[in-house]
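Just so you know, these numbers come straight off a predicted model, no measurement behind them. Indexing begins at 1, ligand by ligand and atom by atom, following the structure's order.
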Amino acid sequence: MKFNTKVIHGGQHHDPSTGAVMPPVYQTSTFVQTSPGRPLNPDYEYSRAANPTRTALEEALASIENGARGLAFSSGLAATDCLLRLFKAGDEIIAMDDLYGGTYRLFTRLYKDSGIKFHFVDMNDLEGFQDLINENTKLVWVETPTNPLMKLADIAAIAEITKKHNILFAVDNTFATPYLQKPLDLGADIVMHSATKYLGGHSDVIAGALIIKDKVLGDELHFKQFATGATLGPQDSFLVLRGIKTLHLRVQRHCENGVKVAEFLLNHPKVERVYYPGLENHPFHEIAKKQMIGGFGGMVTFTFKSGAKQDAISFLEKLQVFTLAESLGGVESLANHPALMTHASIPEDKRKEVGITDDLVRLSVGVEDAEDLIEDLKQALA
Ligand SMILES: *Cc1c(COP(=O)(O)O)cnc(C)c1O
């Protein structure tokens, strides 16, 4: 099955009891047993372990990312937290140095006293990265493209190294989505999503996912999910599943609008730098062309010539079509000031060190008419 068919049919079955084309929202916590320990349907006993609406979503997730198992969580961070439960004191994790603020907070603050050691490195320095590997290294964690600086990591090149050393390799594929990039096909073991973003696609649900290439590891992670309980409810599972059915259409338009917005900004006299992997001057454009198929996404970040925080703030206050709000990946265009909003949890010196300056603005370009979006940017920059 090709991708555009998988988003609609992958892992999906008509409801066996009624023939409903879409899986009903099975709003139930528990399932009947005919005799103690013998559920009427052997797959369902209690919704923390499995719920049919969530199962339909999890099978769709596995299908679109080409994994053996999909798991749906109550948020992206809950998914990442579940993955971290594979590790114990003494283990080491190597992560990319530009991460979603919440992921960084989870690694550095919640797991600070866990005894797990985190290294944050430039994943494009493959030699420096390899030098850090030792017998305690258990996981490599990469986000590509990153939030908000649109840095890329070469998934296939990193996978070659992690395979050689028998280290798990996880990729946060939130920004690219499987429409543009399939980490498991490129050699990663686990894909993580904030399904809140493009998979859900309509800014109406908080959800997360892990998709695992190996069935045994998938079952182990399912056990951890079941035992800790951050599962996605049936109503929210339904919303993400519905979002996935139009993922290919939406992301295609996000990409088209993303290119137009990036090019407009690139030529604007008040704009200093534009971070968009589709631009030829983007430092990771070659990697983008290699591993992102069919487009470069709808996330565009830029800075001001003046370098002034106030310019960024007044631009954001003037926007009419773009909405000033955290999050991304919905049909509507959003604008965000990372230093004051999404990435405020990263200490100022660290933020400056990686390049999240006070004049940096991140746009999630939606699927509205591109001309309206550009007119809006023009008036807000004037
Ligand atoms: C939003 C986001 C997350 C966290 O997901 P939640 O659903 O908000 O918990 C992780 N990674 C990236 C890249 C994100 O954008």
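Relative ring orientation between Tyr100 and His343 is described as perpendicular, the plane-to-plane angle rising above 60° on a 0-90° scale split at 30° and 60°.
Using modelled atom types, one finds no donor on one side chain facing an acceptor on the other under 3.5 Å when comparing Lys151 with Asn124. Looking only at atom types and distance, the side chain of Thr103 has no donor-acceptor partner in the side chain of Glu143 under 3.5 Å away.
Around CD of Gln130, the count of heavy atoms belonging to other residues, nucleotides or ligands within 6.0 Å exceeds 12.
For the pair Leu77 and ligand 1, the shortest N or O to N or O distance falls below 3.5 Å.
Of all atoms in ligand 1, numbered sequentially from 1 with element shown, those under 4.0 Å from a heavy atom of Gly76 are 5 (O), 6 (P), 7 (O), 9 (O). Close approach of ligand 1 to Glu143 is summarised as follows: ligand atoms under 4.0 Å from at least one heavy atom of the residue are 13 (C). Within the listing of ligand 1, atoms 15 (O) sit less than 4.0 angstrom from a heavy atom of Asn147.
With contacts defined as side-chain heavy-atom distances shorter than 4.5 Å, the pair Gln379/Asp376 qualifies.
Judged by the 6.0 Å distance and 45° axis criteria, Lys270 is not positioned over the aromatic ring of Phe315.
Residue contact annotation: Ala207 has a non-hydrogen atom under 4.0 Å from ligand 1.
Tyr100 CE2, 3.3 Å is the protein heavy atom nearest to atom 4 (C) of ligand 1. Scanning the protein for heavy atoms near atom 11 (N) of ligand 1, the closest one is Asp172 OD2, 2.7 Å. Regarding atom 2 (C) of ligand 1, its nearest protein heavy-atom neighbour is Lys197 NZ, 2.5 Å.
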